[in-house]
Amino acid sequence: MDKIFENLNNKQIEAVKIIDGPVLVISGPGSGKTRCLTHRVAYLMSQNIEPANILAVTFTNKAAGEMRDRISSITEPVLSNKGSENHNTKYMIHSTLPLIGTFHSIGLRILRNEIPQLGYRRNFTVFDTDDQLNLVKRVMGELEIDVKSFNPRIVLSKISEVKTQLILPESYEPKDYYLETIARVYRAYQKELKELNAVDFDDLIVLPVQIFKQSEDTLEKYQEAWKYILVDEYQDTSYDQYIFINLLAKKYRNLFAIGDDAQSIYQFRRADIRNILNFQKDYPEAKIILLEQNYRSTKNIITAAQGIISQNKNQIQKSLWTDNNHGGKIIISETMNERHEASFVISKIEEFLRNGLTAKDFAILYRTHAQSRSIEEALIMSGYPYQIVGGLKFYDRKEIKDIIAYLKIIINPSDNLALERIYNVPSRGIGKSTLTKVREEKTNNLRPDIIASLAVYMKKETLPPKQRLAIAEFHKTLADISKTAETKNLGALIKYIIKRIKYEDYLKEFSLTKQSDYENFDDRMENLRELMTVASKYEDLPAKEGTERFLEELALLQDTDRVKSLTSNHTAGRIKSLKNDPAGKQVMTLMTTHASKGLEFPVVFIVGMEEGLFPHSRAVINPTELEEERRLCYVAVTRAKEHLIITYTRFRNIYGSHSMNLPSRFIGEIPANLVDYQLIDSFEDREEIIRY
DNA sequence: CTGTCGTTTATTTTT
DNA sequence: TAAACGACAG
């Protein structure tokens with residue numbers, strides 16, 4: 001029990017101890033949010049609340065995983081004190097952890113049980129953003145809507161917007177011609193999804209809500225199961241997630257929400273800051289607790305951050321403070337252009353390295369991915385290893401998606417979107433028009449079944465023999481793969497697919513024609529091996545089941561291995577993957593400001609602090625978006641523990657064209673007495689700089 | 001059906 | 001700059 005309150009301040013203890021009724025905790029950056037959350041779960045368990053009655057919701061798998069680890073490390077000793085001689089204790093604890101998961105994984109879990117209520121089958125597939133976009137394009141094609149006047153990406157985002165407002169296709173009343181078109185696509189899109197026996201990411205929340213609304217019994221079942229609900233990052237919940245949680249919490253009202261309105265940076269992804277701002281209206285009896293003590297940063301950094309965020313109008317009143325030292329001044333440096341900026345950053349890093357810091361102590365943050373390039377080039381030139389977080393996702397890579405598409409077809413033969421991806425990969429003489437005809441082919445099946453359709457279609461007398469052959473061949477391939485899935489395990493199945501379709505040959509050719517060299521090919525093969533490593537987790541299961549679980553994990557775990565690790569320690573300019581670098585990670589980190597949320601580093605560089613870039617030019621016209629940019633800046637600044645270095649350039653090359661920039665307005669919001677300004681005109685080696 | 005060539009467009013992205 | 005898309009010829 002002592003252990004539960006160890007190292008907690010009074011506010012945190014208060015937040016941990018109020019068991020009954022709604023609680024809202026506003027937790028500033030570095031104020032021990034995760035600690036508060038995990039200790040609360042441990043406390044609930046120590047009060048004899050069944051773990052099965054506790055639900056903890058996070059936004060990322062990573063956060064969920066961390067929470068699980070930390071909770072078991074707190075609870076284990078507590079429980080083992082009670083029955084120290086019991087050898088089963090450890091096992092028991094592990095089996096009795098509460099359900100901790102992302103919104104989407106919890107939604108998925110509910111759907112696996114309840115989706116027949118909506119007329120889908122249980123083996124439905126989950127579509128990612130790519131699939132969604134393809135489906136929208138296809139639907140628009142069928143409705144003969146011109147993609148020039150209606151950009152499919154925008155159409156999709158509009159659909160998603162309507163959908164997450166929990167408006168069903170039938171009940172959507174568009175206000176004008178433009179929205180009328182969106183509505184048509186929305187209706188067709190949703191119908192098509194159901195036909196494909198697929199759900200998209202939004203559906204993982206929206207459909208459970210739909211079920212809860214139409215079946216009181218079902219809702220009650222889950223309300224009874226989860227009497228205690230905790231939600232992390234409450235400021236980032238969207239409307240549908242908000243309704244989802246509040247339906248579940250309605251009966252027992254034991255809702256614990258934690259978050260920080262000042263760190264809401266995902267409104268563009270429909271996070272609705274009002275959910276946290278209105279908590280008190282929703283739950284008038286709620287206890288509100290502010291965690292304002294920061295354990296992370298120096299006083300100077302905290303004061304600078306306050307200076308920035310205080311310019312925002314819309315926020316819950318609070319003031320961050322810290323017992324830490326004042327620390328050094330914040331360095332703000334003007335540079336000529338992005339090359340000069342990069343070399344300035346490196347010279348600074350070298351200075352810190354001389355003072356005993358190591359690579360992993362540094363983070364370089366930027367507003368957009370495009371900015372990483374100049375920094376990367378400079379790092380490669382000087383031979384410093386680094387890693388980039390985000391950018392290209394492992395499961396977004398072509399070779400991975402191709403193989404997964406084959407797996408998807410085996411599991412859900414209605415998924416003809418997966419078919420669309422690989423019907424001609426590797427190229428086998430089947431084209432778009434053939435595909436369309438196959439799709440329209442009627443089989444005796446009530447449900448569309450790709451393999452069956454192919455079997456029927458390949459017998460068509462009217463077809464030219466060449467095409468019949470191609471289709472028969474394709475059918476055989478899929479049938480063989482399907483048969484293999486009956487006997488082998490997942491790893492063997494993937495291997496079989498790669499061999500059966502001669503994927504390696506195809507990749508080799510593909511890599512060559514794409515004007516990139518063999519390096520590219522090697523990387524791709526390496527990725528496939530990596531895929532098999534992940535798949536080996538399921539080797540004890542029969543292929544069908546293993547594949548199902550695997551696909552499910554992939555759908556929800558889009559961000560595994562999102563770290564692209566690079567180093568230049570090898571031959572000049574040669575980029576080598578560090579993926580298998582065992583946790584050593586003696587590298588510095590480059591990432592967008594968004595990706596940095598929740599992390600901390602002794603030294604943080606924020607580069608490209610310019611009007612038009614940060615705040616981004618698209619955000620400056622809109623006051624709401626400008627406030628979000630400011631919160632983003634606040635997040636970036638508060639990542640720093642000891643040193644904060646901000647740079648901006650006078651001139652910048654972006655997308656191949658030149659532009660002249662002014663320093664960001666956010667720079668001016670930092671109290672001047674905390675800043676060590678380094679302007680170009682005051683540089684001693686001005687002549688040097690001109691060279692850049 | 002396939003490959004090439006010019007045109008277009010470009011934030012952020014926990015799932 | 002560079003990747004992604006669509007038009008068009010082979």
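Remember, predicted model here, so these are calculated numbers, not experimental data. Quick note on labels: first sequence line is chain A, next is B, and so on, each numbered from 1.
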Study note, to complete from the structure: Among the nucleotides B:dT14, B:dT15, C:dT1, whichever has the atom closest to the side chain of A:D236 is B:dT14
Check your understanding: Which one, C:dT1, B:dT13, B:dT15, comes nearest to the side chain of A:H594?
Key -> B:dT13
Review point. How would you label the contact of A:Y266 with the nucleic acid (heavy atoms, under 4.0 Å): base, sugar-phosphate, or nothing?
Key: base
Point to revise | Side chain of A:N424 - closest among B:dT2, B:dT13, C:dT1 | key: B:dT2
**Study point:** Proximal nucleotide (of B:dA10, C:dT1, C:dC5) relative to the A:K137 side chain
**Key:** C:dC5
Review point. What is the nucleic acid contact for A:L613, judged by heavy atoms within less than 4.0 Å: base, sugar-phosphate only, or nothing?
Key: nothing
Point to revise | Selected nucleotide, minimal atom distance to A:N61 side chain, candidates C:dT1, B:dT15, B:dC1 | key: B:dT15
Exercise for review: Anything under 30° is parallel, anything over 60° is perpendicular, the rest tilted; go ahead and classify A:Y222 against A:F212.
Suggested key: tilted
Exercise for review: Could you state the atom-to-atom distance from CD of A:E628 to P of B:dT14 in whole Å?
Suggested key: 14 Å
Review point. Does a side-chain N-to-carboxylate-O contact under 4.0 Å join A:R367 and A:E610?
Key: no
Exercise for review: Select one nucleotide: of B:dT2, B:dT12, B:dT14, the one nearest the side-chain heavy atoms of A:T368.
Suggested key: B:dT12
Point to revise | From B:dT11, B:dT13, C:dT1, nucleotide with atom closest to A:T592 side chain | key: B:dT13
Review point. Which pair of heavy atoms, one from A:T60 and one from A:A63, lies closest together, and at what distance?
Key: OG1-N, 2.9 Å
**Study point:** Aromatic-base stack, A:F268 on B:dT12, cutoff 5.5 Å, angle under 30
**Key:** yes
Review point. For A:T477 and A:R428, does a side-chain donor sit closer than 3.5 Å to a side-chain acceptor?
Key: no
